[in-house]
Q: 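Attaching a single structure in structure tokens format; questions to follow.
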Amino acid sequence: MKERDILLEKYSSRVFKNRKNHVTQLELGEEPDTITANTRTIPGIVTERGCCYAGCKGVVVGPMKDVVTITHGPIGCAFYSWGTRRNKAKPSYEGEQNFIPYSFCTDMRPTDIVFGGEKKLEDGIDEIMQLFHPKCIFICSTCPIGLIGDDVQAVARRVEKKYGITAIGFSCEGYKGVSQSAGHHIANNGLMRQVIGVGDKKPKTKYSLNILGEYNIGGDGWEQERILKRIGYEIVSVFTGDGSFETMKNSHLADLNLVMCHRSINYVAQMMKTKYGIDWLKVNFIGVGATCKSLRMIAQYFDDPELIARTEEVIADELSLISDEIEYYKSKLKGKTAGIFVGGSRAHHYQLLLRDFGMETIIAGYEFAHRDDFEGRDIISQIKPDADSKNIEEITVSPDENLYRERYTAEEIEALKAKGIELDTYDGMFPDMEKGYVAVDDYNLFETDELIKSMKPDIFFSGIKDKYSIQKAGVVSRQMHSYDYSGPYAGFNGAVNFGRDITMSIYTNAWALTTPPWKVAPLLGGKIGGEANA
Ligand code: SF4
């Protein structure tokens, strides 16, 4: 019996009926493998998912350092999302504002729920303006806001008028959609409407890039910027790790968008393509091989022999600096297996980094990915919107009269794609997985435990909520959201850090001590009636 079937047969018939399409063991047969995703979670099943507010404030808009992001609601949402996601940021120049260490909240009380919280929100913003003078304010709604009818967009418009700054109200109440994913979409819409395209500062160098869907966890974005700048690219803006309002305003003037996390930012990538003609390239800077491939695709996109040669020069130099360490860790890790349950992109990206060390990822799961993240963008037209996703606004954009600039014609794009350049597309996770491997959508604690028992990976990557239950079962666990407070893991130097961390985890002596010695052999020796009794 396959591991998927062993897992599913433990469910009641009702739960089985729902979950059977969310767990796929790859067949790689004539018919493409499919999965159901982005649907409502079963109540009480102990999902790992978060909410729409977490996707909007926690993931996409929160990391912008020069913006004051206000959590409008009771204190819990602001407190639990304060400093817990490691989206690092530092001022890029002396005097640049950086509000990342703070958490701003209207701290609503019962009277605000009864009489409305708009006044308190506006008073709070007055206080923020006096104390911090930000150029931009985001207001993120939590659950009660939509229920009591506070109009955060109207407040934002009043603030803009009063102070002459940019203010955006995000209606990202936690109950919207089915997961963090709805919040990503709402955040993308707000940034597209009011930030992207507002500036006019043109890039100074020949080739310029935006990095989309990179949140600088543990410094990942800085490592990517380091390599790209070494080759000679100008980074106009990063969405949004260590990113800023000041740079994002000018992002429409860049030559090419690189997309790291497809799930959280593909809406902006697609809208910028339509409005400004900027192509987007799906890249992956997680993994040595994947980083080299991404750098080569970027250089080939610009089709400049000098740039291509410089790219090869940098790759050769970077590889020479890390190859000994990578080989050493590979000798320790080769042949081991892994499971990865994360949010919406890493369960794919990290399979390639693990492969650099000779490891295979036999279980991969997402909390809130959509079918296109598993199966590729070609299936988007087949996805039927349900009642939960219909609530999330789809905005349509059209080519900007003055700023639209077609970089390549449709035929040229097809020719570039034929050369293997992954332009304006994403093939999803399945093509990088082997037959028999298991993919899970909206995994829960029970499924995590059961799959670990049946498939026995040597190491399991997931989040803080299940790390300790996995370790208590005697299985090595590493956090793949927070990197267990380590990192960066991206790029060339990140691959070395990752190899070091997982070698250290797997070879920790404590794993040999999880079974007490008296469970394996008697500890006391003695004699009964003069006979030796060991
Ligand atoms: S579900 Fe509602 S209350 Fe909970 S964190 Fe999200 S916005 Fe806050």
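Read the numbers this way: they start at 1 and go in the same order the structure lists the ligands and their atoms. Predicted model only: the values in this text are computed from it and were never measured. Values reported hereafter were calculated over all heavy atoms of this structure, with side chains retained and with hydrogens, waters and symmetry mates removed.
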Q: Looking at the rings of F461 and Y350, which for Trp means the six-membered one, are their centres under 6.0 Å apart?
A: no
Q: Side chains of residues 163-170: which donor-acceptor partners sit under 3.5 Å, not counting sequence neighbours?
A:
from, atom 1, to, atom 2, distance (Å)
Y163, OH, D126, OD1, 2.5

Q: Please determine whether a side-chain nitrogen of the Lys or Arg among D242 and K90 lies less than 4.0 Å from a carboxylate oxygen of the Asp or Glu.
A: no
Q: Start with the C-alpha gap between V23 and R19, add the side-chain angles, then the distance that decides, and say whether side chain to side chain contact (heavy atoms under 4.5 Å, CB included) holds.
A: CA-CA 7 Å; V23 184; R19 289 301 300 161; 4.2 Å; yes
Q: Does the pair S181 and R263 meet the rule for a side chain to side chain contact (heavy atoms under 4.5 Å, CB included), with working shown?
A: CA-CA 8 Å; S181 177; R263 180 68 271 132; 3.9 Å; yes
Q: Do NZ/NE/NH1/NH2 and the carboxylate oxygens of R109 and D107 come within less than 4.0 Å?
A: yes
Q: What does the list of residues with a heavy atom under 4.0 Å from ligand 1 look like, ordered by chain and number?
A: C51, Y53, C77, T142, C143, G174
